[in-house]
Amino acid sequence: MPLSDARARLLARAARDIAPGMVVNLGIGLPTRVIDHLPPAFPVCLHSENGIAGIGPTLGYDAADRNLIDAGGAYVSTLPGTSYFDSATSFALVRGGRLDLTMLGAFEVSARGDLANWKIPGLFTPGIGGGMELAQKARQVTVLTTHLDRKGKSKIVPECTLPLTAQACVNRIITDMAVIDVTGDGLILRELRAGLTVGEVIAATSAPLTVPDGTLPEF
Amino acid sequence: MPLSDARARLLARAARDIAPGMVVNLGIGLPTRVIDHLPPAFPVCLHSENGIAGIGPTLGYDAADRNLIDAGGAYVSTLPGTSYFDSATSFALVRGGRLDLTMLGAFEVSARGDLANWKIPGLFTPGIGGGMELAQKARQVTVLTTHLDRKGKSKIVPECTLPLTAQACVNRIITDMAVIDVTGDGLILRELRAGLTVGEVIAATSAPLTVPDGTLPEF
Amino acid sequence: MRFPDKTATLHDAIAEIGDGATIMLGGFGVPGTPFTLIAELVRQGQTGLTIIKNDANETGMGVDHLLAAGQVRRLITTHIGLNPRAIGLMNEGRLEVEFCAQGILAERIRAGGAGLAAIVTDIGLGTELAAGKQHVIIGGRDGVVETALRADFALLHAEVADPFGNLCYAATARNFNPLMATAAGRVIAETEALGPLGTLEPGRVHTPGPFVDRVVPLDALTEEYAVVRR
Amino acid sequence: MRFPDKTATLHDAIAEIGDGATIMLGGFGVPGTPFTLIAELVRQGQTGLTIIKNDANETGMGVDHLLAAGQVRRLITTHIGLNPRAIGLMNEGRLEVEFCAQGILAERIRAGGAGLAAIVTDIGLGTELAAGKQHVIIGGRDGVVETALRADFALLHAEVADPFGNLCYAATARNFNPLMATAAGRVIAETEALGPLGTLEPGRVHTPGPFVDRVVPLDALTEEYAVVRR
């Protein structure tokens, strides 16, 4: 299966975790793309940490409002019901428990849900931005990532080696190979990408995976 | 001199301490009345802790807006340039150093500027309201009060006996008898109400008063 | 994309509140006090409540009805001088009252809403309001730790709302309302006017919809909302 | 009563800033960044500055000019990933950088503006951002003490202002601007439009006039304010 198709399945699967009425923050990169996989007129409120709730469709440069961006710098639009607010209010929403779900990228996720996605010492030190608070305080934290890094190594690891974004914060991992839940009993394999076997996923995962009895759903 | 005339002189004298461009909070009671002694179109911004800066004239019941009051419950009005804000912002203005002057009433003021104006144990326990922060954080705190209480006792005392509103917060005391500054060297008599002698003011003041050389101005 | 509709009936919104709940009530004096929501709370009769509100209103208004009905166990407030019943109940030991400096009450609520544990301030140092509170030294200076406040419910009064819960407050009716909107598990707003989505420009919204759970449109305003002629 | 007129020329407003000043700069990316005030700061050449800003803009924009001119000693920020010069200077040890979690930077600034000493939060616990910071136990739980930030100057960008300094921000250009407006000894706002007193309805004001010291009307907007085509 070509990577682009696997990624489309990942995104479509992730979109199914967005329930009607949720307030959701989609991180830069892969997570932002989930929105394209929601049904039209789906009742969800997209938040961005630079001070907007209820983000409408992304606009091209010619239609863009120079003052209306999301935290990733994309030019976005409003909908009836959108609101703007300052940065303190924006993170009050996150830390105060009003963000139902965030989907974030990852460099590494550990077996107990530690997340590292902001710093590679010596190589990449851009600063944490809003990621720490999203990871630590959203009611549900889902990581969207390729299962393997560019060198073919598992991004799902027994212990993170990179500086943490937040400890024990990830609830679910959705990759191009599997859906994995992070629980008090460790990582549990929930779903497989169509065409893969349990053995293939276990082989690609350096952290221990629990596999429930019975047939796993495919996506 | 009748009390009402002495009070008018107190208020007129207090009004002269309001400099052009100041942001001022006038406490309930006597202080509120200072505004009537300012010249028309005087450039001052009146703040009230319930969330308004730039208060306009007080209105009668028939002209009142039910949603537009000051912290004392008086129906007030707006001017071009008035703003509304929430209670956190209102006190950010006070504690953050943007309130140039507050004028407050007092039960007792001590020789080092301690203020007691909110509680008489066993008799009167309404709660502190915004008074503590006004007293502690306005850049200039002026007490407006009758020099003597109803029993003829000095309200300017060596040490407060009532629960404090704030320690060492008062900069100036304006009474129906005198203007007194609170300094690192104690209380200094600055001005006399017309017709009174230094001896009369000293006799009416239970805290020690320093009297500068020369003739004191009258008000 | 569209947003969920949070409009609810007065009865249903208040019926979610159980005995023993902690409830924040917006308002500073009359402006911003959710009199209709409070009246329904009196009608339904939940008891053992902890109320967090700037003041206790005046005799025959708002909080006074809850006090008269014996529904309030504890009151966290800044000033109750206009409510003789509140002072009387406190003096008789039948109502537990915790006084805060007004701006510190605002900050404690805001801190709860912002997911903070506490703020550190010099307000109250050397007075009885700081007595018994935890202290911490910040940069060599003594500070009082004021813990964050959250509630089970916040009852608010808005001038204009949309069904998603975007709220706008009138004049000085804003006061504690937008702070409390962030600081409760469930936020119920009564509103004088309810318009469709888009009624409020995005830049005019005082409380963003995601903070609000229930919007109760008011059919009419009772006498309590009117100008008080003293 | 009327209100003082705080309008000033670009030159005079920035000339108040001395070498070694701590300066907050509004903006999150392009929206809300006071590019014209920054350009004048570059022209006047004050050095040894501490800059507090969400980000370091991008190459050739805003903060980048200050960095290129060697005017910045220290940067307190959340993310500089779009400015290779900032990262380079930091890695070479020529720019001191303090990273904060974004919402914690907002809260620290807000705390400074609100006259608080610090806030206590669980954000960053167990990560390097909490390393070396004071801790305090609140209600049995570990908290990180994040100290309040204040600056000598705040430079802001408003969409509309009046001469008293009431400010309104456009869309997501609000971001850190209203927080910084409360947290500096002197607050200087550039504005795209300046109207007479009364231009802004009292309920629409984002930053109340009393917080602002200087209002600089912009004659024109430079290219830096425009949509960025990547």
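Every chain is numbered from 1 and lettered A, B, ... according to where its sequence line falls, protein lines coming before strand lines.
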Among the listed options A/T89, A/L68, A/D65, A/I69, the residue most often paired with chain D at heavy-atom distances under 4.5 Å: A/I69
Option in D/A56, D/G29, D/G126 with maximal non-hydrogen atom pairs under 4.5 Å from chain A: D/G126
Short N-O contact, D/E190 and D/R214, less than 4.0 angstrom: no
Part of D/I123 lying under 4.5 Å from any heavy atom of chain A: both
Parallel, tilted or perpendicular: rings of D/H157 and D/Y225 (30°, 60°): tilted
Check: D/D162/D/T199 side-chain N/O donor and acceptor closer than 3.5 Å: no
Which atoms of D/E192 approach chain A - backbone, side chain, both or neither, heavy atom under 4.5 Å: side chain
Toward chain A, the part of D/A173 with a non-hydrogen atom under 4.5 Å: both
N-O pairing of D/D64 and D/R85 below 4.0 Å: yes
Under 4.5 Å from a heavy atom of chain D, the part of A/A88 involved: both
Region of D/R229 that comes under 4.5 Å of a non-hydrogen atom in chain A: both
Side chain, backbone, both or neither of D/V97 within contact of chain A (heavy atoms, under 4.5 Å): neither
Chain A interface, residue from D/I104, D/T78, D/L125 that has the most non-hydrogen pairs under 4.5 Å: D/T78
Side-chain ion pair, A/D149 and A/K155, N-O less than 4.0 Å: no
Interchain contact, A/E133 with chain D, by part (heavy-atom threshold 4.5 Å): both
Heavy-atom pairs under 4.5 Å with chain D, option from A/K119, A/K137, A/Q136 with the top count: A/Q136
Side chain / backbone / both / neither for A/A71 at chain D, heavy atoms under 4.5 Å: both
Exam field: side chain A/S90 to backbone A/E49, donor-acceptor pair closer than 3.5 Å: yes
Which portion of D/I109 sits near chain A, non-hydrogen atoms under 4.5 angstrom: neither
For chain A, the option from D/A101, D/A170, D/P178 that forms the most heavy-atom pairs under 4.5 Å: D/A101
Presence of salt bridge, A/R7 and A/D5, under 4.0 angstrom: no
Carboxylate-amine/guanidinium contact D/R186 D/D152, below 4.0 Å: no
Options D/N175, D/I80, D/N177, D/L82, ranked by heavy-atom pairs under 4.5 Å with chain A, top entry: D/N175
Contacting region of A/Y84 [heavy-atom separation from chain D under 4.5 Å]: both
Most contacts with chain A, counted as non-hydrogen pairs under 4.5 angstrom, among D/A226, D/G32, D/C100, D/G124: D/G124
A/Y75 portion near chain D, given a 4.5 angstrom heavy-atom threshold: side chain
Side chains of D/T182 and D/R110, donor plus acceptor under 3.5 Å: no
Side-chain donor-acceptor pair present, D/E159, D/H206, cut-off under 3.5 Å: no
Short side-chain donor-acceptor distance under 3.5 Å, A/H147 and A/D176: no
Salt bridge present between D/E98 and D/R108 (N-O < 4.0 angstrom): yes
Portion of D/N83 that has a non-hydrogen atom of chain A nearer than 4.5 angstrom: neither
